[in-house]
Colleague: 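Got a structure for you, written out below as structure tokens; questions coming shortly.
Here is how names work: the chains are called A, B, and so on, in the same order as the sequence lines, proteins then strands, and each is numbered from 1. Because only heavy atoms are used, hydrogens play no part in the values below, and waters and symmetry mates are left out as well, while side chains stay in.
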There are 2 protein chains.
Amino acid sequence: MAPTSETLTAERILEATEEVLRRHGPAKATVVDVARALGVSHGSVYRHFRTKAALREAVTKRWLDRTSGELSGIAAGDGAPEARLRDWLAALFAAKRRKAGGDPELFATYTVLTSENGAAVGEHIADLTSQLTRIIRAGVETGDFAAGDPQATARAVFQATGRFHDPSHAREWEEPGAEADFRAVVDLLMRGLRP
Amino acid sequence: MAPTSETLTAERILEATEEVLRRHGPAKATVVDVARALGVSHGSVYRHFRTKAALREAVTKRWLDRTSGELSGIAAGDGAPEARLRDWLAALFAAKRRKAGGDPELFATYTVLTSENGAAVGEHIADLTSQLTRIIRAGVETGDFAAGDPQATARAVFQATGRFHDPSHAREWEEPGAEADFRAVVDLLMRGLRP
DNA sequence: CAGCTGACAGATTTCAATATCTGTCATTCG
DNA sequence: CGAATGACAGATATTGAAATCTGTCAGCTG
């Protein structure tokens, strides 16, 4: 909050924007607020981001990237593909659920941001799907999975588990049977992947 | 629209309400509009429905019941369970897609109504899931499917295909690869169901 | 007298005036 | 001279007063 007198960088603006979004929510967070938090005029912010939309998009990308970063470790692991796939899906569900349940207001804020920003979300989904493809391809190589087209299969697995990672279903993640439902879907998919 | 002088029945009120919703949309459709369409005072409407919310719920139920009625024929059929399941899922996807694509405004109206009305939607989903259970149970009996708990499996199949029937994904139903995505998910699930 | 009406209170929505915000750019500052 | 400022025009959001709506009910009507 202290108007540090370091040089103004895109990075610092993004941090301030996240803070402003956290405090004011997506509807009331303004560029003027961000500039005020940094102790500069709002004109300076426009030197680093052409529009408010671009600023919000950059914040959204950062947030999505943090999530996919958490999972890439599992995808790159070297355990049995079947276990790796289960772990990856469970980690994805757990991460989303933690974010949604832990700070519902912030999660709602980012839900608004992602819905503003189809492109960034598309890239994020492409990233996650490619992590999944990597796991499935590994399984095909070891003979644990049968999949004619690993990429299409990864897409199908991602879509079939959508209820457990798509933010539009966040309400349902805290319902009693959620965990059991998740396991049932994953079990069915794992059976479908076996040769 | 003609203020028919038949006796005022719940049925006629529901029809008029659907018409008013179709014309004005969910935000601007008022009980006064419905009464005007029927040529009665709004007080008369309240004789048949305790509140505006109850009236909207009844309209929602009717709409949902029409959809599940379309599918019950397939679920009750006597063909091979595997084909029946594919047909049922395809019919569900086709029906939803037809409704969403054919009259987007009306679909948006009903999307608002369903989101207002968790209970009615819950019953509708329970109905659809029980149709699915029936098909899966038949498959278990003929040996076409392996499912320890047909009801839980039906739930899993329904949830895994959510992207292709849940209204919150309606936007995606008209995208290029939608049909292929649907087939990929269904294929994977069918493989998972085999003994 | 069963069903309908319309006036009413309180809640909600609309609308237009006012304030704030976004994005630009000529000017200032270091 | 490059980075930052702040005044400005047009767009968007806020506000509060006026209009409309919801739900009730005493009384009217056939």
Side-chain angles (χ1 to χ4, degrees), chain A residues 1-60 105 108-109 111-113 115-117 120, chain B residues 1-60 105 108-109 112-113 115-117 119-120:
Chain A
M1 221 51 15
T4 335
S5 58
E6 291 170 52
T7 45
L8 189 59
T9 118
E11 183 61 23
R12 285 187 63 223
I13 293 173
L14 288 175
E15 267 156 31
T17 305
E18 284 190 352
E19 181 58 19
V20 168
L21 281 165
R22 188 189 306 274
R23 289 180 117 86
H24 299 349
K28 296 205 276 186
T30 74
V31 176
V32 172
D33 289 331
V34 172
R36 191 164 26 233
L38 289 162
V40 300
S41 79
H42 74 280
S44 301
V45 173
Y46 280 97
R47 171 166 304 281
H48 294 84
F49 294 93
R50 231 185 282 102
T51 64
K52 183 189 188 183
L55 175 56
R56 286 166 81 111
E57 178 178 354
V59 169
T60 308
E105 279 194 43
T109 291
T111 300
V112 171
L113 289 186
S115 73
E116 274 172 12
N117 221 316
Chain B
M1 215 55 9
T4 336
S5 58
E6 291 170 50
T7 46
L8 188 60
T9 114
E11 183 61 23
R12 286 187 62 222
I13 293 174
L14 289 175
E15 268 156 30
T17 305
E18 285 190 353
E19 181 57 20
V20 167
L21 281 165
R22 187 188 308 273
R23 290 181 118 87
H24 299 350
K28 295 205 278 187
T30 72
V31 176
V32 171
D33 289 330
V34 173
R36 190 162 30 232
L38 289 162
V40 300
S41 79
H42 75 280
S44 301
V45 173
Y46 280 97
R47 173 166 302 282
H48 293 84
F49 294 93
R50 229 183 287 109
T51 65
K52 182 189 189 182
L55 175 56
R56 287 165 81 110
E57 178 178 356
V59 169
T60 307
E105 280 194 42
T109 292
V112 170
L113 288 186
S115 73
E116 273 172 11
N117 223 316

Colleague: Between A/R22 and A/E18, does at least one N-O distance fall below 4.0 Å, as a salt bridge requires?
Modeller: no
Colleague: Rounding to a whole Å, what distance do you find between B/F49:CZ and D/dT24:P?
Modeller: 15 Å
Colleague: Between D/dT5 and A/S44, is there an OP1 or OP2 to side-chain N/O distance shorter than 4.0 Å?
Modeller: yes
Colleague: Nearest whole angstrom, please: distance from the P of C/dT14 to the NZ of B/K28.
Modeller: 7 Å
Colleague: Within the side chain of B/H24, is there an N or O that forms a donor-acceptor pair under 3.5 Å with the backbone of B/D33?
Modeller: no
Colleague: Using the C1' atoms of five pairs at each end, what's the angle between the two axes of the helix from C/dC1-D/dG30 to C/dG30-D/dC1, to 10 degrees?
Modeller: 10°
Colleague: Could you say whether B/A27 or B/L8 is positioned toward the 5' end of DNA chain C, judged by the nucleotide with the nearest heavy atom to each?
Modeller: B/L8
Colleague: Which donor-acceptor pairs under 3.5 Å do the side chains of residues 38-46 of chain B make with protein atoms, sequence neighbours left out?
Modeller:
from, atom 1, to, atom 2, distance (Å)
B/S41, OG, B/G43, N, 3.4

Colleague: Heavy atoms only: give me the nearest B/H48-B/L8 pair and the separation to one decimal.
Modeller: NE2-O, 3.1 Å
Colleague: Donor-acceptor pair, distance only, cut-off 3.5 Å: does the side chain of B/R12 make one with the backbone of B/T7?
Modeller: yes
Colleague: Sequence neighbours left out, what passes side chain to side chain contact (heavy atoms under 4.5 Å, CB included) with B/R47? Give chain and number order.
Modeller: none
Colleague: Applying salt bridge (charged side-chain N to carboxylate O under 4.0 Å, His left out), name anything that partners A/E105, two or more places apart in sequence or on another chain.
Modeller: none
Colleague: Considering residues at least two apart in sequence or located in another chain, which fulfil the side chain to side chain contact (heavy atoms under 4.5 Å, CB included) criterion with B/T109?
Modeller: B/L21, B/P26
Colleague: So which protein N/O to nucleotides 22-28 of chain C N/O distances come out below 3.5 Å?
Modeller:
from, atom 1, to, atom 2, distance (Å)
C/dT22, OP1, A/V31, N, 3.2
C/dT22, OP1, A/K52, NZ, 3.0
C/dT22, OP2, A/V31, N, 3.1
C/dT22, OP2, A/V32, N, 3.4
C/dG23, OP2, A/Y46, OH, 3.0
C/dG23, OP2, A/K52, N, 2.6
C/dG23, N7, A/H42, NE2, 3.3
C/dG23, O6, A/H42, NE2, 2.9

Colleague: Would you kindly give the NE2-to-P distance between A/H24 and C/dC21, to the nearest whole Å?
Modeller: 10 Å
Colleague: What's the CZ-C1' distance between B/R12 and C/dG3, to the nearest Å?
Modeller: 14 Å
